[in-house]
Amino acid sequence: MALPKPFSKWVFLFLVILSSHTTCNAFYLPGSYMHTYSTRDSIFAKVNSLTSIETELPFSYYTLPYCEPPEGVKKSAENLGELLMGDQIDNSPYRFRMNVNETVYLCTTKPLKEKEVKLLKQRTRDLYQVNMILDNLPAMRYSRQNDVSIQWTGYPVGFTQNNKEDYIINHLKFKVLVHEYEGSGVEIIGTGEEGMGVISNDADKRKASGFEIVGFEVIPCSVKHDPEAMSKHKMYDNIDPVACPNELDKSQIIQEQEKVSFTYDVEFVKSDIRWPSRWDAYLKMEGARVHWFSILNSVMVIFFLAGIVFVIFLRTVRRDLTRYEELDKESQAQMNEELSGWKLVVGDVFREPNCPKLLCVMVGDGVQILGMAIVTIVFAAFGFLSPASRGMLLTGMIVLYLFLGIAAGYVGVRLWRTLKGTSEGWKSVSWSVACFFSGIVFAILTALNFILWGSKSTGAIPISLYFLLLVLWFCVSVPLTLLGGLLGTRAEAIQYPVRTNQIPREIPARKYPSWLLVLGAGTLPFGTLFIELFFILTSIWLGRFYYVFGFLLIVLLLLVIVCAEVSVVLTYMHLCVEDWQWWWKAFFASGSVALYVFLYSINYLVFDLKSLSGPVSAILYLGYSLIMAFAIMLATGTIGFLMSFYFVHYLFSSVKID
C-alpha cells in the first residue's frame with residue numbers, strides 16, 4: 001500500500017534526520033545526487049553564463065564564437081532563482097570519457113569578423129570568465145599571486161598583454177578527480193540531479209561499483225594552432241598532446257581574419273576525496289580565518305553591549321515601578337504633580353500616531369520579510385540548501401515570501417484594529433500590505449531590467465518570467481494577504497490598559513531633535529552585521545561561494561535581540577521626557593540600521609569594487625543595494641516597533657490608574 005504523498009515526505013524527512021545521527025557510514029547532503037560512472041562512460045560538461053566582476057552583466061556563452069555541440073545548443077531546465085540571477089546553463093561540446101586521458105580537437109572557427117573581434121576584445125578586457133560545470137561541480141582554477149595560492153571558479157575568456165594585444169583562451173587542460181566507489185551495502189535514494197540524496201545502509205540492496213567525480217580543475221591556455229592542419233580533423237578526433245606556450249608569438253591572437261582552433265585535453269586522477277566532501281574545496285575560499293575570528297569577536301562585543309543595556313534597562317524600570325506602586329493613591333497623585341517622566345503621559349501614550357495606515361502596512365511587510373529571512377537561514381544553517389542546488393536559495397525565499405503574506409495581512413490588520421478600534425477599512429490595509437513592498441521592488445527591478453535589456457544581458461528578466469511573477473503576486477500573495485487580513489478582523493482586539501485623554505498633552509521643547517537620537521541608534525544594530533555584510537557582498541559581487549549560514553543565523557539572532565533592546569531603551573527615554581509620540585520613533589530606532597547598510601554598500605562600491613566599471617554597473621549595484629536596505633529597514637523596524645509596543649503596554653498595565 002502506497003503512502004500518501006504528504007505523509008511520505010515527512011517519513012522521508014525523518015529518515016534524512018535519522019541518517020545524519022547514526023554511527024554507520026551514512027550521511028545526508030541535500031541538493032545533490034551522486035552519480036557513478038563506469039570506465040569509458042561519456043560525460044558532457046555544461047556551460048553557464050559568462051560573468052565579470054567589472055561589469056556584473058552576465059552574457060550567454062554562445063554570444064562568443066565558441067564551438068557548438070553537434071546536436072545544437074540546448075538549455076538546461078532552470079528554476080525561478082536561476083532565471084532571476086541571470087544563469088543560463090547550456091550544453092557544451094566538451095565530452096569526457098571516464099578514465100580515458102586524451103587530447104581532443106573540437107572545431108576551427110571561420111575567419112573572425114570585425115564584430116566578433118571587437119566583442120572578444122571587449123569581453124577579454126572586461127575580465128569575463130567562462131563558467132563550466134561537470135557533474136554539477138564548477139570548474140576550479142588555481143593561480144599564485146605573491147606566493148599565495150588563490151582559487152577561482154571558471155577561467156578567463158582571454159588575456160591582454162601590455163595593454164596592447166589580446167589573446168583568446170582556446171586550449172583547456174582539464175583534471176578530473178575521481179573516487180572509486182565500491183558499492184559496499186549502500187543505496188541511493190533521490191529525485192534527480194537537484195533532488196535530495198541519502199545514502200543508507202542496506203545489505204540487501206547493493207549498487208554497482210563505479211567512479212564518482214569529486215573534483216574538476218582547469219588550466220587555460222592560448223595556443224596558436226595551424227588552422228589548415230586542424231581543419232582536416234573531425235570533432236572529438238584525438239590529436240597529439242598540446243603544451244601551453246610561454247611565448248606570445250605561439251599564443252592565439254585576437255584579430256580579424258584569424259581562424260581559431262579549439263582543443264582540450266583531459267586527465268583523470270584518482271583521489272581520496274569522498275563524494276560528501278567534494279564541495280569543501282569550493283567552500284573554503286580565502287579569508288576563512290579572518291571570517292571566523294571577526295564573527296566571534298563581533299558576537300562577544302554585542303553580547304557585552306546588549307548585556308549592559310539590558311541590565312540598565314531592568315534596574316531603571318523596576319525601580320520606577322516599585323517606587324510608584326509602593327505609594328498610596330494620594331501620594332501617587334502628588335507624585336504625578338511634582339515629578340516629570342513617563343508617568344505623566346499616561347493619557348497620551350496610546351494616542352493614534354501620524355499616518356497610522358502606513359505604519360500598519362510597513363509593520364505587516366516587515367513581519368513577512370523577517371519571517372522569510374528567519375526560515376530561509378534556519379533551513380540553510382541545518383543543511384537543507386546546498387550550493388549544488390543553484391538558485392534554490394532564491395527560489396525558496398520567494399516561495400516563503402508569497403505564503404507568509406497571510407502573516408503580513410494578519411499583523412497589519414490587527415494593528416489597524418488596535419489603532420482605530422474598528423475593522424472598517426481592513427481590505428484597503430490588506431491590499432496596501434500586499435502591494436507596498438512588492439510594488440516598490442517590482443518598480444526598481446523593472447527600471448534595472450530595461451538597462452539589462454539594453455545591454456542584451458542574460459541577467460535581464462524574460463517577459464515570460466515577468467508574467468509568472470505577476471501571476472504569483474496577484475494569484476498567491478494578494479489572496480493570502482487578504483485571508484490574513486480577514487483572520488486579523490476576527491482575532492481578539494488588543495485592549496489598551498489606560499484611557500486616552502481627549503486633549504493631547506503638549507510635548508516639552510528639547511535642546512536637540514529627537515530624530516538625531518533615533519538615527520544614531522542604528523549604529524549598534526549595524527555593529528552586529530557589518531562584518532557578515534562584507535562577506536555577503538563579496539559572495540554576490542565577486543563571485544565567491546557563501547555557505548556559512550550557521551554564523552549568519554547567529555548574527556540574525558543577535559540582530560533581533562539588539563534591535564529590540566535599542567528600540568525599547570529609546571522608547572523609554574522618549575517617554576521619560578514626556579514625548580508620547582513614540583510609535584514612529586520606535587520603528588526607526590532599529591530601522592535606521594538600513595541607512596548605515598546602504599552607506600556601507602556605497603563604501604564597498606568605492607573602495608572594494610574598484611574594478612567595477614561603467615555607469616550601468618554602478619546603477620545596477622546601487623539599485624540592488626537599495627532593495628536590500630529597504631527590506632532590512634522594514635524587518636528591523638518591525639522588530640523594534642513590536643517590542644516597544646509590548647513594552648509600553650506592559651509598562652502602563654503595571655501602573656495603578658483610577
Side-chain angles (χ1 to χ4, degrees), residues 47-66 85-89 92 112 115-133 138-146 148-173 217-223 244 248 251-255 260 262 282 285-287 451-452 454-460 537-546 604-622 624:
V47 286
N48 204 339
S49 300
L50 305 173
T51 56
S52 168
I53 61 174
E54 283 214 349
T55 66
E56 300 297 344
L57 297 173
F59 291 97
S60 172
Y61 174 82
Y62 291 106
T63 56
L64 296 181
Y66 287 131
M85 290 190 301
D87 288 348
Q88 181 175 314
I89 301 176
S92 82
L112 294 178
K115 183 179 179 180
E116 294 172 327
V117 170
K118 184 178 179 181
L119 189 60
L120 276 171
K121 285 177 174 287
Q122 182 181 349
R123 296 288 183 264
T124 298
R125 301 207 172 197
D126 286 340
L127 304 181
Y128 269 87
Q129 301 282 316
V130 178
N131 300 292
M132 194 171 288
I133 305 165
M140 178 174 286
R141 173 171 57 95
Y142 292 90
S143 63
R144 295 194 68 83
Q145 293 182 4
N146 300 325
V148 177
S149 179
I150 300 177
Q151 300 164 295
W152 304 89
T153 53
Y155 61 90
V157 169
F159 62 91
T160 303
Q161 188 68 23
N162 298 327
N163 205 27
K164 294 180 179 179
E165 300 295 342
D166 300 290
Y167 299 86
I168 188 173
I169 299 298
N170 63 334
H171 180 76
L172 301 173
K173 302 178 76 68
E217 301 173 8
V218 61
I219 299 175
C221 306
S222 180
V223 181
C244 293
L248 289 176
S251 300
Q252 180 60 59
I253 194 171
I254 301 175
Q255 64 183 15
V260 181
F262 289 90
Y282 300 87
M285 294 294 187
E286 68 275 5
I451 297 175
L452 292 170
S455 302
K456 298 181 180 179
S457 169
T458 59
L537 291 176
T538 300
S539 69
I540 294 174
W541 299 105
L542 295 181
R544 300 290 186 266
F545 285 101
Y546 184 88
Y604 187 85
L605 172 65
V606 174
F607 295 102
D608 294 284
L609 285 182
K610 295 179 181 179
S611 61
L612 201 65
S613 60
V616 172
S617 303
I619 291 172
L620 290 173
Y621 175 87
L622 292 175
Y624 292 130

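Numbering of residues begins at 1 and proceeds along the displayed sequence.
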Inset, instruction - Apply side chain to side chain donor-acceptor pair (under 3.5 Å) to Tyr61 and list each qualifying residue two or more places apart in sequence or on a separate chain. - result: none

Inset, instruction - Taking the side chain as every heavy atom from C-beta outward, state whether Pro58 and Gln88 have any pair of such atoms under 4.5 Å apart. - result: no

Legend entry - Glu56 side, atom CD; Ile540 side, atom CD1 - distance, nearest 0.5 Å: 10.0 Å

Inset, instruction - Classify the side-chain pair Tyr66/Ser92 by whether it contains a donor and acceptor separated by less than 3.5 Å. - result: no

Legend entry - Any side-chain heavy-atom pair of Leu64 and Leu120 under 4.5 Å: yes

Inset, instruction - Find out whether Met140 and Trp152 are in side-chain contact, i.e. whether some heavy atom of one side chain is under 4.5 Å from a heavy atom of the other. - result: no

Inset, instruction - With the side chain counted from C-beta on, respond yes when Leu57 and Tyr128 share a heavy-atom pair under 4.5 Å apart, and no when they do not. - result: yes

Inset, instruction - Supply the atom-to-atom distance Thr63 OG1 to Arg123 CZ, rounded to the nearest 0.5 angstrom. - result: 5.5 Å

Legend entry - Contact check, side chains of Leu50 and Val130, non-hydrogen atoms, under 4.5 Å: yes

Inset, instruction - Let me know which of Thr153, Asp87, Thr51 forms a side-chain hydrogen bond (donor to acceptor under 3.5 Å, both in side chains) with Asn131. - result: Thr51

Legend entry - Nearest-0.5 Å distance that lies between atom OG in Ser617 and atom CG in Leu622: 11.0 Å

Legend entry - Test ring pair (Phe, Tyr, Trp, His ring centres under 6.0 Å) applied to Tyr621 - qualifying residues, sequence neighbours left out: Trp541

Legend entry - Taking every non-hydrogen atom, the tightest pair across Leu452 and Gly459: CD1-O, 3.4 Å

Legend entry - Residues in side-chain contact (heavy atoms from CB on, under 4.5 Å) contact with Ile253, at least two apart in sequence or another chain: Glu165, Tyr167, Gln255, Glu258

Legend entry - Non-hydrogen side-chain atoms of Ser455 and Val616 separated by less than 4.5 Å: yes

Legend entry - With Pro220 via side-chain contact (heavy atoms from CB on, under 4.5 Å) - residues at least two apart: Arg141, Tyr155, Pro156, Ile169, Leu172

Inset, instruction - Identify, with sequence neighbours excluded, every residue that meets ring pair (Phe, Tyr, Trp, His ring centres under 6.0 Å) alongside Tyr62. - result: none

Inset, instruction - Kindly compute the distance separating SG (Cys221) from CD1 (Ile168), expressed to the nearest 0.5 Å. - result: 13.5 Å

Inset, instruction - Would you check if Asn170 and Ser222 make a side-chain contact, meaning some heavy-atom pair closer than 4.5 Å? - result: yes

Legend entry - Partners meeting side-chain contact (heavy atoms from CB on, under 4.5 Å) with Thr538 (sequence neighbours left out): Phe534, Leu542, Arg544, Tyr604

Legend entry - Note, Val157 side chain near Asp126 side chain (heavy atom, < 4.5 Å): no

Inset, instruction - Could you tell me whether the side chains of Thr160 and Asp166 share a donor-acceptor contact shorter than 3.5 Å? - result: yes

